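Remember, it's a predicted structure, so these values are computed and weren't measured experimentally.
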Amino acid sequence: MKKTLLLLLTLLMSNQVLANEKEINITIGDVAISTTTPKGFYSSSEVNPVFFAFREFLQPPEGKLLAYLVSEDDYMLLKNDSDPELHTHISITILKESEDKTLSQKWFDGLRSQVEEQLNKGLSSMSEHTKKTISQINNKIESNFTLEDEFKIEVGENILLGIYINQPNAFGFNSMTSSSTTFYGETSTRLKVFSTTFNLIKGKLIYTNVFSTLNTTEDIRWVEEKSKELVTLLNN
């Protein structure tokens, strides 16, 4: 009987930890946003602060990571201090320079028009920006860490798949690209599909990205659905 009660208590405590890790509490300037993670995802900052700090470190200089969400499988790996697979993951960021600014709907509509114009021209300039950012990250790693083996990130060209959401306070599109990571002498290459969403929430511009390894067209639909779910959660 005692063993049964202990097992039940352990399971309840485990479920409680997972429940707590579904909370997202974000403070941007004088604005507070509290919500929950999309179904099947958990916040990584509390369960493994070192991992979250590294993902923070990998942000471009102008960006600030607000939340980094992982799947339940990766959550359990992080909980046991193991490396996550990151076949799916979600990031929520802002630009540091906009943190203390309150942005209007008119401003957001102008941003939407600029992004649409850029998308109509293709993603070549965005690809160049991504490559520049990756180069900055690689240089940052080399300058701050002494690694026995090379750590390097490379990305291919971004290919636009289409606009998946166009709401008054949210605008997003999907892309695909190849990514290659070299670490401890091993190189891993994946084809990735990801969403980029601009969200105007309480006068703050928040960027959300949902990533998935691309195997079938179902992965594209999954990214779209999960991105829409996140937009809804952030706006509730």
Side-chain angles (χ1 to χ4, degrees), residues 22-38 41 43-46 49 52-69 89-137 139-140 144 155 158 160 163-175 194-211 223-224 226-236:
K22 288 185 70 66
E23 296 176 359
I24 308 176
N25 296 298
I26 295 170
T27 301
I28 308 170
D30 59 351
V31 169
I33 299 171
S34 296
T35 184
T36 58
T37 63
F41 280 83
S43 177
S44 65
S45 58
E46 296 298 328
F52 181 78
F54 185 66
R55 300 310 306 191
E56 246 182 340
F57 176 80
L58 294 180
Q59 290 297 305
E62 66 274 12
K64 179 179 179 180
L65 184 64
L66 300 175
Y68 193 87
L69 314 179
H89 51 102
I90 298 172
S91 64
I92 304 175
T93 61
I94 59 167
L95 293 177
K96 292 177 182 176
E97 65 177 18
S98 69
E99 192 168 3
D100 295 321
K101 296 178 181 177
T102 300
L103 305 171
S104 67
Q105 183 66 49
K106 182 178 179 181
W107 182 93
F108 186 75
D109 291 340
L111 173 66
R112 184 203 313 273
S113 297
Q114 291 177 15
V115 174
E116 286 180 326
E117 182 180 349
Q118 185 63 58
L119 292 177
N120 289 333
K121 293 178 181 178
L123 289 174
S124 57
S125 64
M126 291 187 182
S127 294
E128 289 304 314
H129 176 73
T130 301
K131 289 179 180 179
K132 181 180 177 181
T133 299
I134 294 297
S135 178
Q136 290 174 331
I137 291 172
N139 291 335
K140 197 175 180 182
N144 288 271
V155 296
N158 285 346
L160 178 66
I163 296 171
Y164 79 92
I165 189 169
N166 195 353
Q167 299 176 359
N169 63 339
F171 179 82
F173 58 92
N174 285 339
S175 310
F194 63 96
S195 65
T196 301
T197 310
F198 305 83
N199 305 269
L200 183 66
I201 303 173
K202 297 182 179 181
K204 302 298 181 181
L205 180 63
I206 297 175
Y207 299 86
T208 55
N209 294 100
V210 178
F211 297 84
V223 166
E224 290 180 354
K226 199 57 63 175
S227 300
K228 291 176 181 177
E229 182 183 352
L230 182 56
V231 168
T232 299
L233 288 168
L234 286 171
N235 280 280
N236 281 345

Subject >> For Leu200 against Ser104, the heavy-atom pair lying closest together >> reply: CD2-O, 3.8 Å

Subject >> Counterpart residues, side chain to side chain contact (heavy atoms under 4.5 Å, CB included), relative to Thr37 (two or more places apart) >> reply: Lys22, Ile24, Phe41, Leu69

**OP:** Only counting residues at least two apart or in another chain, list the ones meeting salt bridge (Lys or Arg N to Asp or Glu O under 4.0 Å) with Lys64.
**Re:** Glu99

Original post:
At what distance, to the nearest 0.5 angstrom, does CG of Asp30 lie from NZ of Lys202?
Top reply: 10.5 Å

Subject >> By salt bridge (Lys or Arg N to Asp or Glu O under 4.0 Å) - contacts of Lys226 (at least two apart) >> reply: Glu229

**OP:** For Thr196, check side chain to side chain donor-acceptor pair (under 3.5 Å) against everything at least two apart and list the hits.
**Re:** Asn209

Subject >> Pairing residues for Phe108 by the ring pair (Phe, Tyr, Trp, His ring centres under 6.0 Å) criterion, not counting sequence neighbours >> reply: none

**OP:** With sequence neighbours left out, write down each residue that passes side chain to side chain contact (heavy atoms under 4.5 Å, CB included) with Asp100, or none if nothing qualifies.
**Re:** none

Original post:
When rounded to the nearest 0.5 angstrom, what is the spacing between CG in Leu233 and OG1 in Thr35?
Top reply: 4.5 Å

**OP:** Evaluate the side-chain proximity of Lys204 to Ile94: yes if any heavy-atom separation is below 4.5 Å, no if none is.
**Re:** no

Original post:
Between atom CG of Leu230 and atom CG of Asn235, what is the distance when rounded to the nearest 0.5 Å?
Top reply: 9.5 Å

Subject >> Under the ring pair (Phe, Tyr, Trp, His ring centres under 6.0 Å) test, residues paired with Phe52 that sit two or more places apart >> reply: none

Original post:
Does the side chain of Leu160 come within less than 4.5 Å of Leu119's, by heavy atoms?
Top reply: yes

Subject >> Side chains of Trp107 and Leu205 in contact at under 4.5 Å (non-hydrogen atoms) >> reply: yes

Subject >> Contacts of type side chain to side chain contact (heavy atoms under 4.5 Å, CB included), residue Thr93, not counting sequence neighbours >> reply: Gln59, Leu65, Tyr207

**OP:** Can you tell me which residue pairs pass the salt bridge (Lys or Arg N to Asp or Glu O under 4.0 Å) test with a partner in residues 101-116, sequence neighbours excluded?
**Re:** Asp109-Arg112

**OP:** Test Phe173 against Val115 for side chain to side chain contact (heavy atoms under 4.5 Å, CB included), laying out the working first.
**Re:** CA-CA 10 Å; Phe173 58 92; Val115 174; 4.1 Å; yes

Original post:
Mind checking whether Ile165 and Ser227 have side chains closer than 4.5 Å, heavy atoms only?
Top reply: no

Subject >> Ser195 side chain vs Glu224 backbone, donor-acceptor pair below 3.5 Å >> reply: no

Original post:
Within a strict 4.5 Å, meaning less than it, do heavy atoms of the Ser45 and Tyr68 side chains meet?
Top reply: no

**OP:** Apply the test side chain to side chain contact (heavy atoms under 4.5 Å, CB included) to residues Ile33 and Ile206: give CA-CA distance (whole Å), side-chain angles for both, the deciding distance (0.1 Å), then the verdict.
**Re:** CA-CA 11 Å; Ile33 299 171; Ile206 297 175; 3.6 Å; yes

Subject >> Ring geometry between Phe198 and Phe171 (parallel below 30°, tilted from 30 to 60°, perpendicular above 60°) >> reply: tilted

**OP:** Evaluate whether atom CD of Gln105 has more than 12 neighbouring non-hydrogen atoms of other residues, nucleotides or ligands under 6.0 angstrom away.
**Re:** yes

Original post:
Taking only residues two or more places apart in sequence, or in another chain, which ones meet Ser34 in a side chain to side chain donor-acceptor pair (under 3.5 Å)?
Top reply: Asn25

Original post:
To the nearest 0.5 Å, what is the distance between CD1 (Ile26) and CD1 (Ile201)?
Top reply: 7.5 Å

Subject >> Results of side chain to side chain donor-acceptor pair (under 3.5 Å) for Thr208 - residues two or more places apart only >> reply: Asn199

